[in-house]
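Contents: one structure, followed by commentary.
We count residues from 1, following the sequence as given. Order of listing sets the numbers, starting from 1, for every ligand and every atom in it.
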Amino acid sequence: MPDSPTPTQQELAVSTLGPCEIPTPLAEAKGGHGRFIEDDTRVMYDVVFHEGHDPKPAIGFERAGPREKIHFQPAKSKAAIVTCGGLCPGLNNVVRNLFYMHRRHYGTAEVLGIRNGYQGLNPAEGQEPITLTDSLVSSIHHQGGTLLGTSRGPQDPRVTVDFLQSQGVNILHTIGGDGTQRGAHAIAQEVARRGADIAVVGVPKTIDNDIRHCYQTFGFMSAVAEAERVIDRAHVEAISVPRGVGLVKLMGRHAGFLAASATIASGEVNFTIIPEAPLVLDGQDGLLARLGRRLDASDHAVVVVAEGAGQELLRAEKGDHAPRVDASGNELLSDIGLYLRKRIKQHFADIGNPVELKYIDPSYYVRSVHANAYDSLMTEKFARHAVHAAMAGKTDLFIGIWQGHMVHVPLSASCGQERRLSTGRDMWSAVLTITGQERW
Ligand code: ATP
Ligand code: MG
């Protein structure tokens, strides 16, 4: 599970706003002995050791959970929730669970919903926040997307903190991917510079599963389940015609976790192409020749490609060396799915043995479904612990799961270091075994 390199204990230290002197209003305080988490409780970073060897120095994340004494007076607190970046199954569940934890569990005075991502934290650009209510959130978990809206594009953290202070907000929950957590870190730093009493506590969101120190979060399993369904349809198409090829493009800008997981879940894929493994098309060992051999043997094939795969190849072909970027600074990818469709069709037409190719690009469909039961449970856990952390005055962190425990991950320890699927490890081996494809 550990990402490399192992962080130092100092890098995993969590920032706090100040002392915790207020007894928690939680029902657990009235008799739930042992329910509270002490601040010095850690979850070990690496739990694997070799018998007979000296144990490694214990490095660990701060364990999340309710504290007996908290920093904020709930009845005088105002929380705000913002969702940023791309859609992901479960965003609405997180919003709803954060709201319930604040209002029902702690009795937080008010919970604001920030409209359309970080844009809504800049009064010159965004819409006014809304006050969340029971009736507003009661049924949002049945829908994909986000009630609050989302956007891309940076905001000046000084403007954001001005706005939070003008609104009397003392807790900001940032739900989003790597970019969102980088933005949250910038906001927390500005808060610290001013000595303001505002907690910034994130909930990580990533369909690509590419956030460092975030082994898993909500939405991923729902996306895998949906992607598996799409692959099964592509397989049906492929087996129904002579020399049928089903080509499916899935999300995964830099990390192939979704493509790899859906491949393993489906069991019907013959070639999986991810950003972490170089794509070779030509030559005896290239994809086209291998696909030809597979079709000669079995008369059908399913190919899954992650959207970020083969970008080097496309760039070299176009002679375009300066990547274009979106409003948030993310590289705009060339369409590897369409390119592969063209190259595969062309290749087999050229050798006089054409294929019947069906191309399916379900990316937005996969990410806009509502959360499945597993992910709904995940959103509740993440939201619950985010509120516990914020009420205890912890800041500049997101909630993670590590070794099965909920933990506080300092934003500075995660930001700017994306997680990748290691082609030397189990998951990629499983893909190679199940597809029967060899390493390139
Ligand atoms: P996804 O994984 O769907 O791309 P994301 O959270 O990474 O989600 P982005 O659009 O990249 O989505 O970022 C979300 C928001 O965070 C955007 O408004 C973006 O401008 C802002 N942001 C990204 N990086 C920074 C940064 N270094 N400082 C301040 N804001 C940032
Ligand atoms: Mg991102």
- Message: Does the plane of the ring in Tyr45 sit parallel, tilted or perpendicular to the ring in Phe61? Use 30° and 60° as the thresholds.
- Response: tilted
- Task: Would you mind finding which of His254, Arg152, Arg367, Gln155 brings a heavy atom closest to atom 4 (O) of ligand 1?
- Result: Arg152
- Nitrogen or oxygen of Tyr118 less than 3.5 angstrom from that of ligand 1: no
- Task: Mark yes when over 12 heavy atoms from residues, nucleotides or ligands other than Lys381 sit less than 6.0 Å from its NZ; otherwise mark no.
- Result: no
- Contact check: Gly176 vs ligand 1, nitrogen or oxygen atoms, below 3.5 angstrom: no
- Message: Looking at ligand 1, would Gly153 count as a contact under a 4.0 Å heavy-atom criterion?
- Response: yes
- Against heavy atoms of Pro154, which atoms of ligand 1 measure under 4.0 Å? 20 (O)
- Quick note on ligand 1: atoms under 4.0 Å from a heavy atom of Asn330 include exactly 9 (P), 10 (O), 11 (O)
- Note on the structure: atom 7 (O) of ligand 1 has as its nearest protein heavy atom Asp178 OD1, 2.6 Å
- Which residue and non-hydrogen atom of the protein lie closest to atom 26 (C) of ligand 1, and at what distance in Å? Arg182 CB, 3.9 Å
- Nearest protein heavy-atom contact for atom 19 (C) of ligand 1: which residue, which atom, what distance? Ser328 OG, 3.4 Å
- Dump the intermediate steps for salt bridge (charged side-chain N to carboxylate O under 4.0 Å, His left out) on Arg253 and Asp178, then the final yes or no. CA-CA 12 Å; Arg253 297 175 57 82; Asp178 55 330; over 6 Å; no
- Item | Whether Glu62 side chain and Leu12 backbone form a donor-acceptor pair below 3.5 Å | no
- Query: So which heavy atom in the protein is nearest atom 23 (C) of ligand 1, and how far is it from that ligand atom?
  - Reply: Gly179 O, 3.1 Å
- Just heavy atoms, cut-off under 4.0 Å: does Ile207 contact ligand 1 by side chain, backbone, both, or neither? neither
- Do NZ/NE/NH1/NH2 and the carboxylate oxygens of Glu190 and Arg194 come within less than 4.0 Å? yes
- of all protein heavy atoms, closest to atom 6 (O) of ligand 1 is Thr180 OG1, 2.4 Å
- How does Lys205 reach ligand 1, by side chain, by backbone, by both or by neither, if only non-hydrogen atoms under 4.0 Å count? side chain
- Query: Under a 4.0 Å N-O cut-off, is there an ion pair linking Asp335 with Lys249?
  - Reply: yes
- Task: Consider only side-chain N and O atoms of Asn116 and Ser151, and report whether a donor and an acceptor are under 3.5 Å apart.
- Result: no
- Taking Asp375 for the side chain and Ser222 for the main chain, is one N or O donor matched with an acceptor at less than 3.5 Å? yes
- Query: Should Arg384 and Glu380 be marked as a salt bridge (charged side-chain N to carboxylate O under 4.0 Å, His left out) after you check the CA-CA gap, both sets of side-chain angles, and the distance that decides it?
  - Reply: CA-CA 6 Å; Arg384 177 155 38 100; Glu380 193 283 326; 2.8 Å; yes
- Please indicate whether any nitrogen or oxygen in Gly86 is less than 3.5 Å from any nitrogen or oxygen in ligand 1. yes
- In terms of the angle between their ring planes, are His105 and His388 parallel, tilted or perpendicular, with boundaries placed at 30° and 60°? perpendicular
- Item | atom 30 (N) of ligand 1 [closest protein heavy-atom partner, distance rounded to 0.1 Å] | Gly183 CA, 3.3 Å
- Is atom CZ of Arg158 surrounded by more than 12 heavy atoms (other residues, nucleotides or ligands) closer than 6.0 Å? no
- Distance below 2.8 Å from the Mg ion (ligand 2): protein N/O/S atoms: Asp178 OD1
- Query: Are Arg420 and Phe257 in a cation-pi contact, defined as NZ or CZ under 6.0 Å from the six-membered ring centre and within 45° of the axis?
  - Reply: no
- Item | Distance under 6.0 Å and angle within 45° of ring axis: Arg104 vs Tyr100 | yes
